[in-house]
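Structure first, commentary second.
Order of listing sets the numbers, starting from 1, for every ligand and every atom in it. As the structure is a prediction and not an experimental result, all values here were calculated from the model. Values below: all heavy atoms of this structure, side chains included; hydrogens, waters and symmetry mates excluded.
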Amino acid sequence: MKEGRNTAGALGLVLGHPFDTVKLLGFFKGMSFPLVSIAVVNSVLFGVYSNVLLALTAMSHQERRTQLPSYTHVFIAGCTGGVIQTFFLAPFDLIKVRLQNQTEPRVQPGGPQPRYRGPVHCAATIFREEGPRGLFRGAWALMLRDTPTLGLYFVTYEGFCHQNTPHGQNPSSATVLVAGGFAGIASWVAATPLDVIKSRMQMDGLRRREYQGVLDCVVSSFRQEGLRVFFRGLTINSARGFPVNAVTFLSYEYLLHSWG
Ligand SMILES: CN(C)C(=N)NCCC[C@H](N)C(=O)O
């Protein structure tokens with residue numbers, strides 16, 4: 001009896017395994033694009049931040065543990081990272097926003113094709129229909145969003161670590177996680193108003209041009225929808241911001257230590 005149950009269990013596993021595999025593959029489908037974009041953008045951001053801070057303070061990462069750089073230096077390094085990362089982030093973010101806002105149904109055999117069939121097709125279509133500059137639509141709003149907020153991001157992170165770490169020691173993993181999480185929340189709270197504007201600018205030009213520029217978009221969004229338009233997505237941005245940035249900073253610290 002027991003043997004029969006074991007055999008049935010094993011058979012069930014053998015039969016179920018291909019389904020689980022397909023399910024898992026399906027689960028992670030569509031992740032390669034965000035993975036590539038986050039790898040490129042974060043390498044640029046953290047690389048620029050570390051190097052600008054090194055140039056401003058003439059101190060290595062380890063030396064900075066005993067002597068905290070001024071918050072002005074941290075802020076400038078973060079803002080510089082924000083400006084430079086915009087050039088890399090803009091096309092990736094535009095493609096993400098266009099794909100997310102695509103409301104056409106899934107492709108049916110013989111049915112109409114969606115406007116964008118995937119990230120590469122989306123980039124090629126924008127390039128063809130809107131020109132090379134089209135790939136940077138909304139980049140000004142993105143730069144306005146990211147420059148001060150990335151300054152704030154690194155100030156929050158360094159400040160929290162400094163406050164919660166005994167002098168001269170490295171912050172614990174728990175401290176790094178919480179500091180990274182708070183940095184994520186603080187930056188997203190500050191960034192949400194311009195995030196709304198940035199996404200609208202990126203969608204503009206798809207059918208007809210609605211806004212003349214960032215300011216026009218701010219004014220007409222406010223006129224049509226009131227002040228609350230600038231807080232759209234605040235909760236979800238903050239809830240996502242904590243875990244994402246906790247893990248981001250933990251990996252950053254881990255890489256800095258393993259590279260010496
Ligand atoms: C616009 N904001 C808020 C920022 N750039 N904040 C820094 C965190 C960015 C991180 N890749 C994230 O997606 O949360």
- Note on the structure: So the atoms of ligand 1 within less than 4.0 Å of a heavy atom of Ser187 turn out to be 3 (C), 6 (N), 7 (C)
- Task: Just jot down the ligand 1 atoms closer than 4.0 angstrom to any heavy atom of Ala191, in number order.
- Result: 1 (C), 3 (C)
Which part of [X] is near ligand 1, with near meaning a heavy atom under 4.0 Å away: side chain, backbone, both or neither?
X: Leu150; value: side chain
X: Asn237; value: neither
X: Trp188; value: both

- Query: Checking Asn51 side chain against Gly47 main chain: does a donor-acceptor pair fall under 3.5 Å?
  - Reply: yes
Which protein non-hydrogen atom lies closest to [atom], naming both residue and atom, and how far is it?
atom: atom 1 (C) of ligand 1; value: Asp146 OD1, 3.0 Å
atom: atom 11 (N) of ligand 1; value: Ile38 CD1, 4.1 Å
atom: atom 13 (O) of ligand 1; value: Arg240 NH2, 2.9 Å

- Would you call Glu225 and Arg232 a side-chain contact if the rule is heavy atoms closer than 4.5 Å? yes
- Item | Tyr157 ring center within less than 6.0 Å of Phe249 ring center | yes
- Return each pair, listed once, that meets side chain to side chain donor-acceptor pair (under 3.5 Å) where at least one residue sits in residues 175-185; pairs must be two or more places apart or across chains. Ser172-Thr175
- Message: Once you measure the plane-to-plane angle for Phe230 and Phe222, does it fall in the parallel (<30°), tilted (30-60°) or perpendicular (>60°) bin?
- Response: parallel
- Message: Set out, in order, the CA-CA distance, both residues' side-chain angles and the distance that settles salt bridge (charged side-chain N to carboxylate O under 4.0 Å, His left out) for Arg137 and Asp204, then state yes or no.
- Response: CA-CA 8 Å; Arg137 201 178 289 283; Asp204 201 28; 5.8 Å; no
- Query: Just distances here: any N/O of Gln85 and N/O of ligand 1 closer than 3.5 Å?
  - Reply: no
- Message: Can you confirm, on distance only, whether ligand 1 has an N/O atom lying under 3.5 Å from any N/O atom belonging to Asn245?
- Response: yes
- Task: Indicate whether any N or O donor in one side chain lies under 3.5 Å from an N or O acceptor in the other, for Gln113 and Arg117.
- Result: yes
